[in-house]
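It should be emphasised that the depicted structure is a prediction, and the values quoted were computed from it without experimental measurement.
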Amino acid sequence: MSTDVVVIGAGVMGSSIALELARAGRRVTVVDKAGGVGLGSTSASSAIVRFNFSTHAGVAASWEAHFCWRAWEEHLGCVVPNPVRFERCGMAVLDVDAAPRAAYLPLFDAVGVPYEEWDAATLAARIPGLDAGRYWPPKRLDDDAFWAAADGTLGAVHTPDAGYVGDPQLAALNLASAAERHGTEFRFRRTVTAVESAGGRVTAVVLDDGSRLGCATVVNAAGPWSGRINELAGVGSDFTIGVRPLRQEVSHLREPGGLDPEGSAGIAVADMDLGVYIRGEVGGGLLIGGTEPECDPLEWVDDPDSVNPNPTSAVFEAQVTRAARRLSGLTVPNRARGVVGVYDVAEDWTPIYDRTDLDGFYVVMGTSGNQFKNAPLVGQLMATLIDRVDNGADHDADPVCFVGPHTGETIDLGAFSRRRSINTANSGTVFG
């Protein structure tokens with residue numbers, strides 16, 4: 001059996017890449033160890049669409065991608081069952097020393113991202129029940145200083161076009177359905193056991209049922225399992241950016257009422273001052289995740305398959321209590337509720353979208369829990385990269401650039417190189 005391209009991973013990234021490569025006329029086969037589309041890291045995503053990044057490429061990519069979400073069926077190019085919805089609720093990013101507005105507003109200006117600068121009084125007025133106090137730095141609940149009074153007030157930067165995708169797994173399913181319309185084949189419950197090559201170029205992918213897929217191109221979009229796939233292919237020795245799996249929890253609870261009118265999309269608040277982000281839901285729910293504050297140990301894992309899939313009381317209590325410090329009226333339930341996922345985290349929280357030193361073998365990895373928003377665009381970036389390299393471009397020496405069809409922004413794909421220098425301007429958190 002043969003195909004043009006094997007995409008490893010049927011999450012939102014792999015499905016988007018499959019769609020764009022199939023649109024370009026390639027025969028695509030997607031393989032995944034799970035039983036369906038989007039059942040790995042994708043399904044545990046908070047699916048927030050925001051624009052706060054520390055690089056021009058990061059801001060430009062997220063701004064371009066948001067237009068895809070806003071015109072979803074147009075992006076898919078076909079009618080799919082139950083298309084996902086983008087909920088435009090805006091996002092307030094509270095001021096914090098680690099990521100001051102002066103660092104990212106020039107990027108917003110350069111790319112054309114609309115925003116409003118709020119002082120503390122405006123912040124408190126625009127989000128009812130929100131405490132605009134400054135508590136920096138984030139602290140553990142067992143630290144007496146956590147309960148100390150605020151030592152000042154905070155403003156925020158509000159981006160009205162931010163929001164979230166209501167069902168991240170459904171988004172991946174939509175992309176996969178569109179890819180199938182273009183002839184893509186999906187194979188589930190199949191584990192990759194070998195990546196074969198000859199003469200410095202990939203030649204085949206071998207699966208655990210003994211089948212061998214001959215191909216000229218492989219895209220590793222296996223999320224937290226991407227490192228294992230790289231080992232099978234014998235690539236990675238020239239990477240200057242390390243990538244590791246990280247277990248993460250996102251808590252879920254009912255919204256206390258009063259934050260937004262009934263039936264609205266809710267709110268979105270990035271609160272690195274206390275170490276959490278908060279995202280509403282249509283119907284009144286709240287998702288609360290962490291922003292990797294220094295006071296909390298990160299749960300790095302060696303084997304993504306061994307991760308405890310159940311939310312823990314300690315993390316739930318910490319996340320919700322911090323959110324309750326910010327939002328009056330929020331109470332901490334006794335029972336932990338939420339989702340657990342494994343992020344594929346690059347050491348500078350910036351993804352790797354690149355070729356490798358094995359011709360025909362490409363990687364989409366290190367997405368760090370902050371790249372779901374860019375998934376529709378990533379398929380286009382990789383299709384462009386693969387096409388240019390196949391036609392002789394030396395991406396390592398002269399990086400390929402992509403011009404966004406919605407924004408006209410030029411995105412230098414060298415910013416996502418496996419060989420780049422570490423982005424020292426990053427916040428050290430999921431906010432990149």
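By the neighbour-count criterion of 12 heavy atoms within 6.0 Å, atom CD of Glu294 is sparsely surrounded, having that number or fewer from other residues, nucleotides or ligands. At most 12 non-hydrogen atoms from other residues, nucleotides or ligands lie less than 6.0 angstrom from CZ of Arg189. For Asp302, the CG atom sits in a loose shell: 12 or fewer heavy atoms of surrounding residues, nucleotides or ligands are nearer than 6.0 Å.
Within the 4.5 Å cutoff, no side-chain heavy atoms of Asp390 are placed close to those of Asp387. The closest side-chain heavy-atom distance from Phe108 to Pro106 is not below 4.5 Å. For the pair Leu207 and Val192, the minimum side-chain heavy-atom distance is below 4.5 Å. When side chains are defined from C-beta on, Met272 counts as touching Ser427, because their heavy atoms get closer than 4.5 Å. Under the 4.5 Å side-chain criterion, counting only non-hydrogen atoms from C-beta, Thr350 is not in contact with Ile241. Side-chain contact between Val342 and Trp225 is absent, with no heavy-atom pair separated by less than 4.5 Å. Contact annotation: the side chain of His406 never approaches that of His75 to less than 4.5 Å [non-hydrogen atoms, C-beta and beyond]. Residues Trp118 and Leu154 are not in side-chain contact: their nearest non-hydrogen atoms beyond the backbone lie 4.5 Å or more apart.
The side chain to side chain contact (heavy atoms under 4.5 Å, CB included) test with Glu64 is passed by exactly one of Leu381, Asn374, Val111, Leu377: Leu377. Each of Val218, Asn220, Ile8 was checked for a side chain to side chain contact (heavy atoms under 4.5 Å, CB included) with Val363, and the lone residue meeting it is Asn220.
Using a 4.0 Å cut-off between charged side-chain N and carboxylate O, Asp273 and Arg326 make a salt bridge. Salt-bridge annotation for Arg134 and Asp97: present, with a side-chain N of the basic residue lying under 4.0 Å from a carboxylate O of the acidic one. At a threshold of 4.0 Å, the pair Asp412-Arg420 does not count as salt-bridged, since none of the basic side-chain nitrogens sits closer than that to a carboxylate oxygen. By the 4.0 Å N-to-carboxylate-O rule, Arg187 lies too far from Asp209 to be salt-bridged with it.
Taking each heavy atom of Pro376 and Cys68 in turn, the nearest pair found is CB-CB, 3.6 Å. Smallest separation of non-hydrogen atoms from Pro168 and Thr42: CB-O, 3.4 Å. Taking every heavy atom of both residues into account, Glu20 and Ala383 meet most closely at CB-CB, 3.9 Å. In plain terms, the two heavy atoms of Ala60 and Glu409 that are nearest each other are CB-CB, 4.2 Å. Considering all non-hydrogen atoms of both residues, Val59 and Phe53 come closest at CG2-O, 3.7 Å. Nearest heavy atoms, Phe416 versus Asp354: O-CB, 4.1 Å.
Atom-to-atom distance recorded for Arg355:CZ and His395:NE2 is 8.5 Å, nearest 0.5 angstrom. To the nearest 0.5 Å, atoms CG (Leu170) and CG (Asn82) are separated by 5.0 Å. For the atom pair CD1 of Ile386 and CG of Leu21, the computed distance is 4.5 Å after rounding to the nearest 0.5 Å. The distance from the CG atom of Leu105 to the CG atom of Asp109 is 6.5 Å, given to the nearest 0.5 Å. Rounding to the nearest 0.5 Å places CG of Asp208 at 10.0 Å from NZ of Lys33. Interatomic distance, Arg85 CZ to Arg70 CZ, rounded to the nearest 0.5 Å: 13.5 Å.
Remark: side-chain polar atoms of Arg181 are paired, donor with acceptor, to backbone N or O of Val79 under 3.5 angstrom. For Ser16 (side chain) and Ala375 (main-chain N/O), a donor-acceptor pair under 3.5 Å exists by modelled atom type. The closest donor-acceptor contact from the side chain of Arg418 to the backbone of Ile352 lies at 3.5 Å or more, if one exists at all. A donor-acceptor pair is defined here as one N or O able to donate and one able to accept, closer than 3.5 Å; such a pair exists between the side chain of Ser45 and the backbone of Ala47. Of the possible donor and acceptor atoms, none in the side chain of Asp398 sits under 3.5 Å from a partner among the backbone N and O of Asp394. His252 places no side-chain N or O within 3.5 Å of a backbone atom of Arg337 that could act as its donor or acceptor partner. Using a distance-only test at 3.5 Å, with no hydrogens or angles considered, no donor-acceptor pair links the side chain of Thr410 to the main chain of Val403. Using a distance-only test at 3.5 Å, with no hydrogens or angles considered, a donor-acceptor pair links the side chain of Glu347 to the main chain of Gly242. The backbone N or O of Val430 sits less than 3.5 Å from a side-chain atom of Glu292, completing a donor-acceptor pair. Panel note: side chain Ser62, backbone Gly58; a donor-acceptor pair is recorded below 3.5 Å.
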### Task
Could you check Cys89 against Arg279 for side-chain contact (heavy atoms from CB on, under 4.5 Å), going step by step and ending with a plain yes or no?
CA-CA 9 Å; Cys89 63; Arg279 194 214 87 181; 5.8 Å; no
### Task
Starting from the C-alpha separation in whole Å, work towards a yes-or-no answer on ring pair (Phe, Tyr, Trp, His ring centres under 6.0 Å) for His66 and Trp69.
CA-CA 5 Å; His66 110 281; Trp69 293 115; over 10 Å; no
### Task
Decide side-chain contact (heavy atoms from CB on, under 4.5 Å) for Val165 and Phe372; before the verdict, give the C-alpha distance in whole Å, the side-chain angles of both, and the deciding distance to 0.1 Å.
CA-CA 9 Å; Val165 176; Phe372 175 94; 3.8 Å; yes
### Task
Under the side-chain contact (heavy atoms from CB on, under 4.5 Å) rule, what do Leu19 and His182 come out as? Steps first, then yes or no, please.
CA-CA 7 Å; Leu19 171 59; His182 290 275; 3.9 Å; yes
### Query
Does the pair Asp303 and Arg228 meet the rule for a side-chain contact (heavy atoms from CB on, under 4.5 Å), with working shown?
CA-CA 10 Å; Asp303 180 9; Arg228 290 184 184 175; 2.4 Å; yes
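No side-chain donor from either of Asn423 and Trp349 sits under 3.5 Å from a side-chain acceptor of the other. Inspection of the Asp344 and Ser41 side chains reveals no N or O donor paired with an N or O acceptor under 3.5 Å. Side-chain polar atoms of Asp119 and Thr122 form a donor-acceptor pair below 3.5 angstrom. The closest side-chain donor-acceptor pair between Tyr343 and Asn370, if any, does not fall under 3.5 angstrom.
Note that Arg325 lies in the cation-pi zone of Phe146, set by a 6.0 Å cut-off to the ring centre and a 45° limit from the axis.
Note: Tyr277 and Phe431 have perpendicular aromatic rings, judged against thresholds of 30 and 60 degrees for the angle between ring planes. Using the six-membered ring where Trp is involved, Trp63 and Phe51 have ring planes that are perpendicular, over 60° apart on the 30 and 60° scheme.
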